[in-house]
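Working notes for the structure below.
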Amino acid sequence: QVQLVESGGGLVQAGGSLRLSCAASGRTFSASTMGWFRQAPGKEREFVAAISGNTYNTYYADSVKGRFTISRDNAKNTVYLQMNSLKPEDTAVYYCAADLTPYRSYVAVNSYEYDVWGQGTQVTVSS
């Protein structure tokens, strides 16, 4: 079973940067697609970015493309989300998630395709 713990959230001014980390436990991490989602108050949870297991293919939501970068270090069982040029509309609770379906032919971008979730970390961007 995979367990996920996020860290790195905080308060930052618009235009600033943050790096989120998600530490995973479990033997299936390296083969699992890992995703980041976010949920702002009163809004549904939305996809942010994902990275596949061994091939490291990445996919981003249009709203963060060019500003956010997802990466992973399988030796450390950790996935990262580097967030640059932050905007107030990026304010949300950010969740790390693991897709445990083996050999999926595409990078999952829907929350229902992810099996394990972290507790979330708050990111607040002030204007």
Side-chain angles (χ1 to χ4, degrees):
Q1 182 68 17
V2 176
Q3 293 183 322
L4 306 174
V5 178
E6 302 100 331
S7 61
L11 173 64
V12 64
Q13 288 188 333
S17 298
L18 281 174
R19 189 176 82 155
L20 305 184
S21 298
C22 173
S25 62
R27 297 183 298 170
T28 60
F29 174 81
S30 63
S32 301
T33 290
M34 300 298 296
W36 286 97
F37 290 77
R38 67 186 181 186
Q39 187 166 19
K43 295 187 177 181
E44 293 186 353
R45 190 170 298 187
E46 65 173 358
F47 170 77
V48 175
I51 184 167
S52 62
N54 297 321
T55 58
Y56 289 30
N57 293 325
T58 59
Y59 195 81
Y60 297 92
D62 287 343
S63 58
V64 307
K65 201 172 294 183
R67 300 188 297 122
F68 291 12
T69 302
I70 188 170
S71 62
R72 65 191 298 159
D73 185 339
N74 283 349
K76 296 182 178 180
N77 276 12
T78 302
V79 62
Y80 304 97
L81 185 68
Q82 177 67 43
M83 305 185 295
N84 298 328
S85 302
L86 282 161
K87 305 175 181 180
E89 51 264 42
D90 294 317
T91 295
V93 177
Y94 282 71
Y95 297 91
C96 173
D99 170 14
L100 303 182
T101 299
Y103 310 117
R104 197 187 294 275
S105 60
Y106 59 90
V107 175
V109 301
N110 299 297
S111 59
Y112 63 79
E113 295 175 299
Y114 287 79
D115 305 286
V116 181
W117 293 81
Q119 83 287 352
T121 185
Q122 176 71 46
V123 171
T124 303
V125 184
S126 63
S127 58

Problem set entry | Remaining members of hydrophobic cluster (4.5 Å side-chain criterion), Y94 |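 Traced through the cluster, Y94 reaches V2, L4, V12, L18, L20, F29, M34, W36, V48, I51, Y56, Y60, V64, F68, I70, V79, L81, M83, L86, L100, V116, V123, V125.
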Problem set entry | Within 45° cone of Y80 ring axis and under 6.0 Å: R72 NZ or CZ |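 R72 over Y80 ring: no.
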Problem set entry | Lys/Arg cation over aromatic Y95: R38, 6.0 Å, 45° cone |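 Verdict for Y95: no cation-pi partner in R38.
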So, [X] side chain and [Y] main chain: donor-acceptor pair closer than 3.5 Å or not?
X: E6; Y: T121; answer: no
X: N110; Y: Y112; answer: no
X: T78; Y: K76; answer: yes

Looking only at heavy atoms, what is the nearest atom pair of [X] and [Y], with distance?
X: A108; Y: A50; answer: O-CB, 3.8 Å
X: A14; Y: P88; answer: CB-CD, 4.1 Å
X: S17; Y: N84; answer: OG-OD1, 2.9 Å

Exercise. If you count the non-hydrogen atoms of other residues, nucleotides and ligands that lie under 6.0 Å from CD in Q3, is the total more than 12?
Worked result: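 Open.
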Exercise. For Q13, does the CD atom have more than 12 heavy-atom neighbours from other residues, nucleotides or ligands under 6.0 Å away?
Worked result: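 No, not enclosed.
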Exercise. Do the side chains of D99 and S32 get nearer than 4.5 Å, heavy atoms only?
Worked result: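 They are not in side-chain contact.
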For this session: Taking atom types as modelled, find out whether E89 and T91 have a side-chain donor-acceptor pair closer than 3.5 angstrom.
Result: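 No, T91 and E89 have no side-chain donor paired with an acceptor closer than 3.5 Å.
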For this session: For S52, enumerate each residue passing the side chain to side chain contact (heavy atoms under 4.5 Å, CB included) test, keeping only those at least two apart in sequence or located in another chain.
Result: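 Once residues adjacent in sequence are excluded, the partners of S52 under the side chain to side chain contact (heavy atoms under 4.5 Å, CB included) criterion are T33, T55, N57, V107.
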For this session: Check ring-ring contact (aromatic ring centres under 6.0 Å, His included) between F37 and all other residues, then give those that pass, not counting sequence neighbours.
Result: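 Here the qualifying residues are F47, Y114, W117.
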For this session: Output, in order, the C-alpha distance, side-chain angles, deciding distance and verdict of side chain to side chain donor-acceptor pair (under 3.5 Å) for T124 and Q122.
Result: CA-CA 6 Å; T124 303; Q122 176 71 46; 3.3 Å; yes
Problem set entry | SB check D62 K65 (cutoff 4.0 Å) |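 Yes, charged N to carboxylate O under 4.0 Å.
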